[in-house]
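Everything numeric in this text was worked out from a predicted model, so none of it was measured. Labels below follow one simple rule: chain letters A, B, ... track the order of the sequence lines, proteins then strands, and each chain is numbered from 1.
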Number of protein chains: 2
Amino acid sequence: MQITSKFTVAVHILTCIDIFGGQMRVTSDFLSGSTGVNAVIVRNVLGQLRAAGIVETRQGSGGAHLAKALDEITLYDIYKAVDCVDDEGLFHFHENPNADCPVGRNIHKAMDGRLAAAQAALENELKSTTLAQVVADTRRIIDEE
Amino acid sequence: MQITSKFTVAVHILTCIDIFGGQMRVTSDFLSGSTGVNAVIVRNVLGQLRAAGIVETRQGSGGAHLAKALDEITLYDIYKAVDCVDDEGLFHFHENPNADCPVGRNIHKAMDGRLAAAQAALENELKSTTLAQVVADTRRIIDEE
DNA sequence: GAAAGTTGAAACACAAAACGTTACAACTTT
DNA sequence: AAAGTTGTAACGTTTTGTGTTTCAACTTTC
């Protein structure tokens, strides 16, 4: 089980938009080249980021731009934007526990709060990290090459 | 994306073993009935829990038993036992970033530590919860019915 | 020691999800 | 008008999770 690569691809895309955006038009084709991901998938991810108010794109003209300051975009925003987890939550209960068994009909309730706390711990960590930090690290690593 | 239901099923199974183990033989067939999960799957999960030293089972005789005290089994132990995540980690990088692009060849390094921190936050929360707590909650909910 | 019930494990089947691919209409700029 | 780009739908492929069938090995009971 792994969280969809669309999440890390989205971070990659946003980092490219910031780093290359000043010098050139950052098209889905260019992003496909940098990420190694199919251009249509890139456009799908950009569409999700646009729906979340993170980037701006326009038909025809080409070139994506950030819609917010780097330090106003958290990894959690991106994680939510690309739908890493659905409404059911990160953990998954089996559908058919036996309602005639006292454990079967209550185990869900007994675990729910604790699993939600674990999921919240993950998400809080993502909320505390901004794209500004990731981009700064990326620039530093590039400069040190 | 969701963490495999084998995890919550394993917790369900262990809870049953504790609650019903005193009165009856808790076989894979019985556990299949309570969880709604196929008996072969139950035996697979029991096999993983046995490999992790959490339960004891024996061919022929039937009936699973806990190999440790309830408060010595954390949700993290179970999560690891049933292989919720592989060695690559919870997050997933795309395979083919472009090594000719400065972002492409460095983004992995720039994100790694932060993603590991997020995963660790989740796992630490699971480590802080024991099966004893889940079973106690389950018994309380049953008593209140 | 034979019968019945159980576990362990392999092999195959099926469904859902992730990701890739093709195709094309709508749009913008030159 | 032409060239390049985005948005989106439709379909294909691969992987993974889960279910199913089958059977050998083992234990207990009769």
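Distance check: I19(A) CD1 to I107(B) CD1 gives 7.5 Å after rounding to the nearest 0.5 Å.
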Checklist entry - After noting the C-alpha distance and the side-chain angles of R140(A) and D143(A), does the key distance pass the side-chain contact (heavy atoms from CB on, under 4.5 Å) rule? => result CA-CA 5 Å; R140(A) 183 176 328 115; D143(A) 288 345; 5.7 Å; no

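For residues 106-121 of chain B, the pairs satisfying salt bridge (Lys or Arg N to Asp or Glu O under 4.0 Å) are D137(A)-R114(B), with sequence neighbours left out. Within the structure, salt bridge (Lys or Arg N to Asp or Glu O under 4.0 Å) contacts touching residues 9-31 of chain B (residues at least two apart or in different chains) are D18(B)-R139(B).
Within residues 75-82 of chain A, no residue approaches DNA chain D, by heavy-atom distance under 4.0 Å. Using a 4.0 Å cut-off on heavy atoms, none of the residues of residues 13-23 of chain B approach DNA chain C.
If you check dT20(D) for Watson-Crick or wobble pairing at under 3.5 angstrom, you find it paired to dA11(C).
Per the geometry, CD belonging to Q2(B) stands 17 Å off P belonging to dT16(D), to the nearest Å. Here dT6(D) presents its C1' atom at 17 Å from CZ of F30(A), a figure rounded to the nearest Å. We find that CG of L46(A) is positioned 14 Å from P of dT5(D), with the value rounded to whole Å.
Taking 4.0 angstrom as the limit, T57(B) places a side-chain polar atom (N or O) nearer than this to OP1 or OP2 of dG8(C). One finds a side-chain N or O of R50(B) lying less than 4.0 angstrom from the OP1 or OP2 phosphate oxygen of dG8(C).
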Item to check | Annotated protein contacts, base or backbone, on nucleotides 18-30 of chain C with a non-hydrogen cut-off under 4.0 Å, one of B, S, - each | outcome: SSBBBB--BBSS-

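Judged by distance alone, with hydrogens and angles left aside, the side-chain atoms of T130(A) form no donor-acceptor pair with the main-chain N or O of I73(A) at under 3.5 Å. Remark: the backbone N or O of L90(A) is paired with a side-chain donor or acceptor of Q119(A) at under 3.5 angstrom.
With sequence neighbours excluded, no residue forms a ring-ring contact (aromatic ring centres under 6.0 Å, His included) with H65(A).
Smallest separation of non-hydrogen atoms from A67(A) and G53(A): CB-O, 3.5 Å.
The closest side-chain heavy-atom distance from H92(A) to I3(B) is not below 4.5 Å.
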